[in-house]
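A short write-up of the structure that comes next.
Residue numbers run from 1 in the order of the sequence given.
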Amino acid sequence: MQQQKRQPELVEGNLPVFVFPTELIFYADDQSTHKQVLTLYNPYEFALKFKVLCTTPNKYVVVDAAGAVKPQCCVDIVIRHRDVRACHYGVIDKFRLQVSEQSQRKALGRKEVIATLLPSAKEQQQKEEEEKRIKEHLAESVFFEQTLCQPENRSASSGPSLLTVFLGIVCIGALMLPTLGEVESLVPLYLHLSVNQKLVAAYVLGLITMVILRT
C-alpha cells in the first residue's frame, strides 16, 4: 500500500483565514440588507472544516454554521438578522470563523467579522457626506491660514533692499543723461556719458529689475 503524504503539522491558531467581507452592515429600513453573505476561501492544498460562532446568537440566524471547504475552493455562509429593533442600532456584534483540518479538532486559524445594525442607509450616507464636507472644510481652512501667513513672512524677511533701489535709481538717472557728442544740451559736459557707460548702466538696471521681481 502506498502511504499517503502527510501535511506538515500546523501550529494552532496561526493559519491565516480568508473571509470577505470583513464587516457586515444591516439597515433597518432596507430588508434586502437583512440577509448578508460571508464567503470563506480555502487557498490551501488540504481541506478545511469551519465553524461560525457569534457573540449574540439570539439576534442572527446562520445558515450552515459548520461545514467543510475543499482545497482551493470557497463556500458562502448566509447570515440573517432576525431582531431588527431600535435598541440594537449602532451595537457592534462579532462573528468568529474557526477553521481546522478535517481530521483534527484544534482550531488552526480564526477570523473575526463585525456586524452592525444601522437605522437607515440614507442617514448613513448623509452622515458620511457631512463628515466628508467637514474634513474638506477643515483642510481648506488650514490651507487658507497657511496662505495668509506666507505673505507676512515674506514681507518681513524679504523684499528689495535700499541699496538695490538706490542703484536702480542711479542707473535710470545715468540712462537719462545726454550722450557724449550731443551739442544742444543744458547739462554740463562732465555729466555726458559715453555709449559704453550707458550700456553698462542698462545691463545693471536689468539685473536689479530681475532681483526685485524675484523678491
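Here the CG-SG distance, from Asn42 to Cys73, works out to 7.5 Å after rounding to the nearest 0.5 Å. Atom CG of Leu118 and atom CG of Asp30 lie 11.5 Å apart (nearest 0.5 Å). Distance check, rounded to the nearest 0.5 Å: CZ of Arg96 to CD of Gln98 gives 6.0 Å. Atom OG1 of Thr39 sits about 8.0 Å away from atom CD1 of Ile77, to the nearest 0.5 Å. Taking SG from Cys74 and CZ from Phe18, the interatomic distance works out to 13.5 Å, rounded to the nearest 0.5 Å. Taking CG of Leu167 as the reference point, atom CG of Leu162 lies at 11.0 Å (rounded to 0.5 Å).
Of all heavy-atom pairs spanning Gln102 and Lys49, the tightest one is O-NZ, 3.8 Å. Nearest heavy-atom pair, Ser100 versus Gln104, reported as atom, atom and distance to 0.1 Å: OG-O, 3.8 Å. Of all heavy-atom pairs between Leu117 and Arg85, the closest is CD2-O, 3.7 Å. Minimum heavy-atom separation, Ala201 to Leu175: CB-CD2, 4.2 Å. When all heavy atoms are compared, the tightest approach of Ser120 to Asp29 is OG-OD2, 2.8 Å. In plain terms, the two heavy atoms of Lys51 and Leu53 that are nearest each other are CE-CD2, 3.8 Å.
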Exercise for the section: Show your reasoning for whether side chain to side chain contact (heavy atoms under 4.5 Å, CB included) applies to Leu38 and Leu97. Expected result: CA-CA 10 Å; Leu38 279 178; Leu97 281 83; 4.1 Å; yes
Exercise for the section: Any chance you could lay out the side chain to side chain contact (heavy atoms under 4.5 Å, CB included) test for Asp64 and Val78, step after step, and finish with the verdict? Expected result: CA-CA 8 Å; Asp64 297 330; Val78 178; over 6 Å; no
Handout entry: Residue pair Val99, Leu40: steps toward the side chain to side chain contact (heavy atoms under 4.5 Å, CB included) verdict
Key = CA-CA 10 Å; Val99 298; Leu40 175 63; 4.3 Å; yes
Problem - Check against side chain to side chain contact (heavy atoms under 4.5 Å, CB included), Val84 and His88 - result: CA-CA 7 Å; Val84 180; His88 298 317; over 6 Å; no
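Counting heavy-atom neighbours within 6.0 Å of Glu112 CD, excluding the residue itself, gives a total above 12. Within 6.0 Å of the OH atom in Tyr89, the count of heavy atoms belonging to other residues, nucleotides or ligands exceeds 12.
Between Tyr60 and Phe95, the two ring planes are perpendicular [angle over 60°; tilted spans 30° to 60°]. Ring planes of Phe26 and His81: perpendicular class, angle over 60° (limits at 30 and 60°).
For the side-chain contact (heavy atoms from CB on, under 4.5 Å) with Thr56, the qualifying choice from Val91, Asp83, Asp93 is Asp93, the only one to do so.
Hydrophobic clustering of Ile, Leu, Val, Met, Phe, Trp and Tyr side chains at less than 4.5 Å, counting indirect connections, keeps Tyr41 apart from Val37. Cluster membership for Val204 and Leu163, using ILVMFWY side-chain heavy atoms within less than 4.5 angstrom, is shared.
With hydrogens and angles ignored, the 3.5 Å screen pairs a side-chain donor or acceptor of Thr55 with a backbone N or O of Lys94. Side-chain N or O atoms of Arg82 include one that pairs as donor or acceptor with a backbone N or O of Asn58 at under 3.5 Å. Judged by distance alone, the side chain of Gln36 and the main-chain N or O of Ile25 form a donor-acceptor pair under 3.5 Å.
Using a 4.5 Å heavy-atom threshold, the side chains of Leu108 and Asn14 count as separate. Counting heavy atoms from C-beta outward, Leu48 and Tyr44 have side chains that approach closer than 4.5 Å. Side chains of Val75 and Phe50 form a contact here, defined as non-hydrogen atoms less than 4.5 Å apart. Here the side chains of Val113 and Leu24 are in contact, with some heavy-atom distance below 4.5 Å.
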